[in-house]
Amino acid sequence: MVGIGPKQPPSRKGSMHDLPQNLLGPIKEFEEQFTVDRAKLKQIVNHFVKELEKGLTVEGGNIPMNVTWVMGFPDGEEQGTFLALDMGGTNLRVCEITLTNQKGAFDITQSKYKMPEELKTGTAEELWEYIADCLQQFIEFHHENENLTKLPLGFTFSYPATQEHIDHGILQRWTKGFDIEGVEGEDVVPPLETILKKRGLPIKVAALINDTTGTLIASSYTDPHVKIGCIFGTGVNAAYMENVGSVPKIAHLGLPADTPIAINCEYGAFDNERVVLPLTKYDAIIDRDSPRPGQQAFEKMTAGLYLGEIFRLALVDVIDNRPGLIFNGQDVSKLRKPYLLDASFLAAIEQDPYENLSETLELFERELNIRPTQPELEMIRRLAELIGTRAARLSACGVAAICTKKKIESCHVGADGSVFTKYPHFKARGAQALREILDWAPTEKDKVSILAAEDGSGVGAALIAALTLKRVKAGNMVGIRNMDDMRTLL
Ligand code: BGC
């Protein structure tokens, strides 16, 4: 009998499946768009240096170069117990840190809370209530039935803030996808203190801190070669120690020119004018659809929040503009959801150890319901590599610019953030870019090394609070809003 036996799959003759899939076209285009060569890196750094300098002038520029009122490095003699509150882009963390009388040593107790996604676009009241809830829970859990005296709080608020004093900070603008109404243009310390008072929590803000400044201070505490603190995470930024004499915008205060003062660069805003950055059409879409178009141009190309989205947009571009070329006949609707993929998705692709990219295949099936062909997997891997490499090479430009501006020949850079700690090859790619930019001879050892930082928003925040109280004790009023208030913490 004819026709009996296992059913044959329908003939695919003439369908796309039978053609050798040639993805060299899109791969080449991606390479052209995402590759940043040595000459371009150098051009970016030249412009970056000028922009850093401009930010320190009275007129200002794109890069805010915020004065932090952190005036010098710790000497290891700092002591006391401090609370630290870290409001980053993803988590909220409360810590209690005791700096002990053993030089450089500390004890830490901490609790982490997930920052609810809806809070990021909610109301200011919801934000402060949530923060107060976390602090209250922490105090009730760790200090049950204790009669506490006032605890000094180092509040790590990792957004650009104008600080007239260390216990003060007007939010310039939200970054990292936050969009909470009624906070921009306002001092963030009073609403926090008001709610703490309302709840009878014995806490006072001793210092408002940026995560980069915390990283700088915490890292320098254990490594005297550290001159820059960096975050390569959900957002990007760096802080370094400047001399007051090189900050024209605070010249009117008449402080001695050689007084050290930490500057929070806020260089995520580098090149908002879009003069030098090698922007792709995907970067333009990210910017257009973000809550703050026009802002954080550099951050939107390098930070963890955006890497997965750049990748997603590039794939959607091929699907839409080269019909039938990839994922032919498959349902790609999941891939159409903005911000579905985060940097860990790209990291997983880059980490796939198998020649046939079987882990990437599983990842696509699991997360996107797409089963890529072998050539598609190769293209996916190359695209992830290109986006990750561009981010690392551009990130190196910020570090190189600060070193060039400060004429730092060699130093350590304390770095933190999810991209730095978790993204494969980020460190090596960044180091290679620094070598290209700073022209070290091939035989020379790296003169500027980017190393894993100490806990900036925990230990760093405690140290900054301790340094502030040290100044209060010495009667040094520079950068302190209300000395009498601050004295209640001594
Ligand atoms: C913020 C900075 C912060 C950086 C890293 C940026 O979006 O504006 O204040 O240091 O992210 O967290």
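Just follow the structure's listing: the first ligand is 1, and inside any ligand the first atom is 1.
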(request) Look at Arg199 together with Asp133 and state whether they make a salt bridge at an N to O cut-off of under 4.0 Å. (result) yes
(request) Can you figure out which of Gln172, Glu266, Lys300, Glu299 has its heavy atom closest to atom 6 (C) of ligand 1? (result) Glu299
(request) In plain terms, say whether Lys300 and Asp283 are close enough for a salt bridge, that is, a side-chain N and a carboxylate O under 4.0 Å apart. (result) no
(message) Check contact between Gly233 and ligand 1, using heavy atoms of the residue and a distance below 4.0 angstrom.
(response) no
(message) For atom 10 (O) of ligand 1, tell me which residue out of Thr175, Asp211, Asn66, Thr212 has the closest non-hydrogen atom.
(response) Asp211
(message) Strictly distance-based, threshold 3.5 Å: is any side-chain N or O of Glu32 a donor or acceptor partner for the main-chain N or O of Phe30?
(response) no
(request) Report the part of Thr234 (side chain from C-beta onward, or backbone N, CA, C, O) that has a heavy atom under 4.0 Å from ligand 1; answer both or neither where that applies. (result) neither
(request) Tell me, please: is Pro160 in heavy-atom contact with ligand 1, that is, under 4.0 Å? (result) yes
(message) Could you tell me, atom by atom, which parts of ligand 1 come under 4.0 Å of a heavy atom of Asn237?
(response) 2 (C), 3 (C), 4 (C), 9 (O), 10 (O)
(request) Can you sort out which atoms of ligand 1 are near Ile231, meaning under 4.0 Å from one of its heavy atoms? (result) 5 (C), 12 (O)
(message) Any carboxylate oxygen within less than 4.0 angstrom of a Lys/Arg side-chain nitrogen, looking at Asp439 and Arg38?
(response) yes
(request) For Asn264 and Gln163, run side-chain hydrogen bond (donor to acceptor under 3.5 Å, both in side chains): C-alpha distance rounded to whole Å, both residues' side-chain angles, the deciding distance at 0.1 Å, then the answer. (result) CA-CA 11 Å; Asn264 160 22; Gln163 293 188 274; over 6 Å; no
